[in-house]
Amino acid sequence: MTKLIPIFINGRKWIQLSQLSNEQSIKLKSWIPVNCLKKIKFQGSEFSDCLAFETYEYWFRTYQISEQKQALLDF
């Protein structure tokens with residue numbers, strides 16, 4: 001799985017769930033509380049389904065570790 005590069009808006013790092021594959025988006029949505037997703041307005045554009053990069057990064061590392069453990073168990 002490829003890790004997303006954050007976008008910088010108003011001095012904070014964000015990712016958009018729409019940038020993820022459908023499978024990753026579903027897994028991440030099931031893991032985070034609903035109130036973590038934000039709509040952000042920046043330079044006349046609105047970005048929906050934004051998540052703080054720190055939260056995404058933590059999920060990504062946790063997900064990667066669990067995937068690797070599962071792969072080892074399947075082997």
Nearest heavy-atom approach of N10 to K41 is ND2-O, 4.1 Å
Atom OH of Y58: over 12 foreign heavy atoms under 6.0 Å: no
What one should report as the nearest heavy-atom pair of A52 and R12 is CB-NH2, 3.7 Å
To the nearest 0.5 Å, atom NZ of K3 lies from atom OH of Y63 at 15.5 Å
When every non-hydrogen atom of W14 is compared with those of C50, the smallest separation belongs to CE3-CB, 3.9 Å
Rounding to 0.5 Å, atoms CZ (F47) and CD1 (I9) come to a distance of 5.0 Å
One should read off an interatomic distance between S45 OG and I40 CD1, to the nearest 0.5 angstrom, of 12.0 Å
Here the gap from L37 atom CG to Q16 atom CD, rounded to the nearest 0.5 Å, amounts to 11.0 Å
Any L20 side-chain heavy atom under 4.5 Å of F60 side chain = no
P6 and I15 have their tightest heavy-atom pair at CA-CG2, 4.2 Å
To the nearest 0.5 Å, atom OG1 of T62 lies from atom CD of E57 at 10.5 Å
**Item:** Sub-4.5 Å side-chain heavy-atom contact between Y56 and L4
**Value:** yes
Going by heavy atoms in the side chains, are Q19 and Q24 under 4.5 Å from each other?
no
NZ of K27 to CG of N22, rounded to nearest 0.5 Å, is 11.0 Å
| Around atom NZ of K13, are there more than 12 heavy atoms of other residues, nucleotides or ligands at under 6.0 Å? | no
Scanning both residues in full, the closest heavy-atom pair of D49 with S18 reads OD2-N, 2.9 Å
